[in-house]
Amino acid sequence: MRLPFERPPLALIACSDDWMSRALENVFQQHGYVVAHTRSGAQCLELARVATHDVLVLDESLSDLTTLAVSRSIRESSRFDHSIPIVVTSPIPADPRARLAAFQAGVWEYCSHPVDLEPIFVKLETFLRGRGELVLARSEEFVDATTGLYTSFGLRQLAGKMGARALRRHEAFACVAFAPQVQDREIGSSMLWKESPTGFADVAHMFREQSRQSDVVGLVGDMRLAILAPDTDAAGARLLVARLQRELDRASTNKSISGQVRLRAGYSAVADLATSRINVPELVHRAESALDRAPMQGDRDAIVGFEDLPGL
């Protein structure tokens, strides 16, 4: 039975028992899945961060982490896709308390050996078809009609594709998040700045015109946007912000935009995405965190790197 996807669904099996791991792999392959497997709960978490799987199968044979610890880590951290179904398999019959604890930890289904996976595949087919239809329905929201920028949804979809390419090529990768500000008023020798819909619209238009063909510009919140920049390291991220600020200053001087615009920015960058153990959605999250620390006022540099934040 093949599921209705443009690509085969992906299953990640975490099991320390070789016989059980092979048995689960064979069953999933017979149902049209591409299977990756690991013997370690910690490695399962790493693989779940850098790839988009359609189901995780956690066997109770894991010795380094419990299945519940793995499930909680996935459900509670922003680094993972919280919608991914997690199936736990156990070599012994589960009592009601164990099943309840598993469901409280975010497990989607709990199975005891001998495992009957046929009902699971029926549920997975229904779930994944529904998720596929939702993605299709939301495809109309890929681009924001007002700004012409990718929506947050569109940005996430493209992040996965760009990340996969950068991983294969061992490229540097950066994400830069922006919160543009316009001049509010001047007190003494200092300017006061504020966020403004007008200033944001000017920046959105200029970013579309000035960004590289390889870059992706999208929305990440109310009057916030981000640039996904492949083949760009930390120094390149700062140069990107400086170049865009110069273009805004030039546009302000030429009166092609209304008033002065100051770019508050936060970025996160890695020299080699493949060895960094960080995926592109995580770079976006880190860039937004750095942006939160960028100074709201003052004449000093308004760009902050996540890797430069205290305590990291």
Side-chain angles (χ1 to χ4, degrees), residues 142-152 154-155 158-159 162 166 171-186 189-269 280 283-284 286-308:
F142 215 76
V143 175
D144 179 69
T146 302
T147 63
L149 302 179
Y150 287 104
T151 62
S152 178
L155 198 69
L158 290 172
M162 296 175 72
E171 285 183 346
F173 206 103
C175 176
V176 187
F178 299 88
Q181 297 177 307
V182 298
Q183 184 180 359
D184 184 14
R185 60 187 182 277
E186 187 171 346
S189 60
S190 299
M191 292 183 181
L192 293 182
W193 303 90
K194 68 176 182 180
E195 296 181 2
S196 161
T198 301
F200 185 83
D202 288 337
V203 170
H205 175 75
M206 195 274 291
F207 275 24
R208 288 201 312 271
E209 298 294 322
Q210 296 295 330
S211 61
R212 301 179 306 175
Q213 188 173 6
S214 59
D215 293 345
V216 168
V217 185
L219 305 172
V220 289
D222 185 27
M223 290 191 290
R224 284 191 169 195
L225 45 81
I227 295 181
L228 304 181
D231 202 21
T232 302
D233 59 12
R238 297 188 73 92
L239 289 172
L240 172 63
V241 178
R243 178 175 66 83
L244 294 173
Q245 184 66 68
R246 287 196 302 271
E247 293 297 330
L248 284 169
D249 293 342
R250 183 179 297 113
S252 176
T253 301
N254 296 337
K255 307 298 183 182
S256 56
I257 64 173
S258 54
Q260 289 184 276
V261 178
R262 172 185 187 251
L263 291 177
R264 285 181 62 233
Y267 70 88
S268 182
V280 175
L283 287 178
V284 177
R286 292 184 174 197
E288 290 186 86
S289 297
L291 173 59
D292 290 335
R293 303 288 291 274
M296 294 288 295
Q297 302 294 340
D299 299 325
R300 63 191 179 95
D301 198 1
I303 176 172
V304 174
F306 178 86
E307 291 72 19
D308 298 327

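Please read all numbers here as calculations on a predicted model, not as lab measurements. This chain uses plain numbering: 1 for the first residue, then up along the sequence.
The distance from atom CZ of Phe207 to atom CG of Asp215, rounded to the nearest 0.5 Å, is 10.5 Å. Taking OG from Ser214 and CE from Met162, the interatomic distance works out to 7.0 Å, rounded to the nearest 0.5 Å. In this structure, Leu155 CG and Tyr150 OH are separated by 9.5 Å, a value rounded to the nearest 0.5 Å. Between the CD atom of Gln181 and the CE atom of Met223 there is a distance of 10.0 Å, given to the nearest 0.5 Å. Separation of atoms CZ (Phe173) and CG (Asp231) is listed at 10.0 Å; rounding is to 0.5 Å.
Looking at Arg264, its side chain does come within 3.5 Å of a backbone N or O of Ala294 through a donor-acceptor pair. Thr253 contributes a side-chain N or O that, together with a main-chain N or O of Asp249, makes up a donor-acceptor pair within less than 3.5 Å. Put simply, the side chain of Ser268 never gets that close to the backbone of Cys175: no donor and acceptor are under 3.5 Å apart.
Residues Ala290 and Gly305 come closest through the heavy atom pair CB-C, 4.1 Å. The two residues Leu228 and Val284 come nearest to each other via the heavy atoms CD2-CG2, 3.6 Å. Annotation for Val176 and Ala265: closest pair CG1-CB, 4.2 Å, computed over non-hydrogen atoms. In terms of heavy-atom proximity, Asp233 sits nearest to Ala174 at O-CB, 4.3 Å.
Side chains of Leu283 and Phe306 form no contact here, defined as non-hydrogen atoms less than 4.5 Å apart. The shortest side-chain heavy-atom distance between Phe178 and Val241 falls under the 4.5 Å cut-off. Between Gln245 and Leu248 the shortest side-chain heavy-atom distance falls below 4.5 Å. Side chains of Leu240 and Thr232 form no contact here, defined as non-hydrogen atoms less than 4.5 Å apart. Using a 4.5 Å heavy-atom threshold, the side chains of Arg212 and Pro230 count as touching. Between Asp292 and Val304, the closest side-chain pair of non-hydrogen atoms is not below 4.5 Å.
Scanning for side chain to side chain contact (heavy atoms under 4.5 Å, CB included) contacts around Gln210 gives Met206, Arg243, Leu244, Glu247, with sequence neighbours left out. Remark: Thr147 engages Asp144 in a side-chain hydrogen bond (donor to acceptor under 3.5 Å, both in side chains) (not counting sequence neighbours).
With respect to the salt-bridge test (charged N to carboxylate O, under 4.0 angstrom), the residues Asp308 and Arg293 do not qualify.
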Next item on the list: Could you check Leu219 against Phe200 for side-chain contact (heavy atoms from CB on, under 4.5 Å), going step by step and ending with a plain yes or no?
Entry: CA-CA 11 Å; Leu219 305 172; Phe200 185 83; 3.6 Å; yes
Next item on the list: List the steps, then state whether side-chain contact (heavy atoms from CB on, under 4.5 Å) holds for Val217 with Arg208.
Entry: CA-CA 7 Å; Val217 185; Arg208 288 201 312 271; 5.9 Å; no
